[in-house]
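Counting convention: from 1, in listed order, for ligands and their atoms alike. For clarity, every value in this text was computed on a predicted model and none was experimentally measured.
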Amino acid sequence: MEFGDAPIVDAHCHIGYFGGWANVGISAEELIVLNRKFNVVHSVVFSLPNSLSADAARKYPKDVSSYVWLNPFDGEKAVDELRASVKERRCKGVKLHPLFQAFIADDPIVYPIMDEARRLKVPVAIHSGHPPFSLPWSIGELAEVYPDVTIVMLHMGHGHGLYIRAAIHTAKRYSNIMLETSGMPMHTKIKEAMETVGEDRVIYGSDIPFHHPSVELQRVKMADLKDGQLRKLLHDNAVEKLGLVV
Ligand SMILES: [Zn+2]
């Protein structure tokens with residue numbers, strides 16, 4: 001993979017084992033070894049239980065930052081966990097998975113978490129691309145209610161062409177949305193997003209262990225970005241917009 005010497009930041013990884021239909025897993029140590037092969041210098045990790053990613057970030061602060069994965073149905077408990085994670089466990093953001101826990105991305109049940117994320121000034125990463133819960137339009141509605149919270153639309157619409165199109169249109173409309181590239185099959189849409197949404201609003205992610213960086217980076221490579229755009233996508237945007245210390 002020839003991206004020059006540019007260090008890469010991966011904005012979407014998991015550690016631990018995901019059973020059921022997925023049957024995939026990776027440890028923090030295995031993730032770091034894999035990253036070195038691809039010049040990935042830092043990964044944002046979210047896992048369940050949250051202690052997995054928090055422990056990895058504590059043990060390997062140069063390699064890993066953690067987001068806390070919250071369930072809005074936990075109410076005040078989720079808000080407390082967010083506060084404690086950021087203040088005591090160096091957590092850098094929130095992960096929400098509307099499909100996994102069956103809530104619409106912009107349902108008011110999410111508001112207490114968004115309120116606290118705003119207070120703590122941390123980004124909120126939200127899975128996108130699966131109906132009915134995690135569609136780009138719903139994430140846009142949430143972005144409209146919280147214009148001062150950075151929302152990372154994970155997978156930028158994922159595998160469905162209409163959702164990818166909606167992800168780009170929605171991010172264009174709401175300047176607090178960042179698009180993340182993992183699992184999105186069209187290399188052409190990476191370039192389109194950079195050019196229509198903005199060069200500083202698209203970030204690289206792999207979704208390890210669900211996907212492999214060789215595949216995810218190959219798509220970026222084929223996107224025909226200019227050198228400056230590439231560095232922003234692979235490194236600078238994540239560092240500057242997500243407040244990572246790399
Ligand atoms: Zn993921």
> Does any N or O in the side chain of Asn50 come within less than 3.5 Å of the main-chain N or O of Trp69, such that one atom is a donor and the other an acceptor?
Replying inline: yes

>> So if I apply the side chain to side chain donor-acceptor pair (under 3.5 Å) rule between Asp10 and each of Ser206, Ser182, Ser43, which one comes out positive?
In response: Ser206

> Are any N, O or S atoms from His97 nearer to the Zn ion (ligand 1) than 2.8 Å?
Replying inline: no

>> One thing to verify: whether Asp63 and Arg36 come together as a salt bridge, which I'm taking to mean a side-chain N less than 4.0 angstrom from a carboxylate O.
In response: yes

> Quick one: do Lys77 and Asp80 make a salt bridge, cutoff under 4.0 Å?
Replying inline: no

> Rounded to 10°, how many degrees is the angle OD1/Asp207-the Zn ion (ligand 1)-NE2/His14?
Replying inline: 80°

> Got an N, O or S from Cys13 under 2.8 Å of the Zn ion (ligand 1)?
Replying inline: no

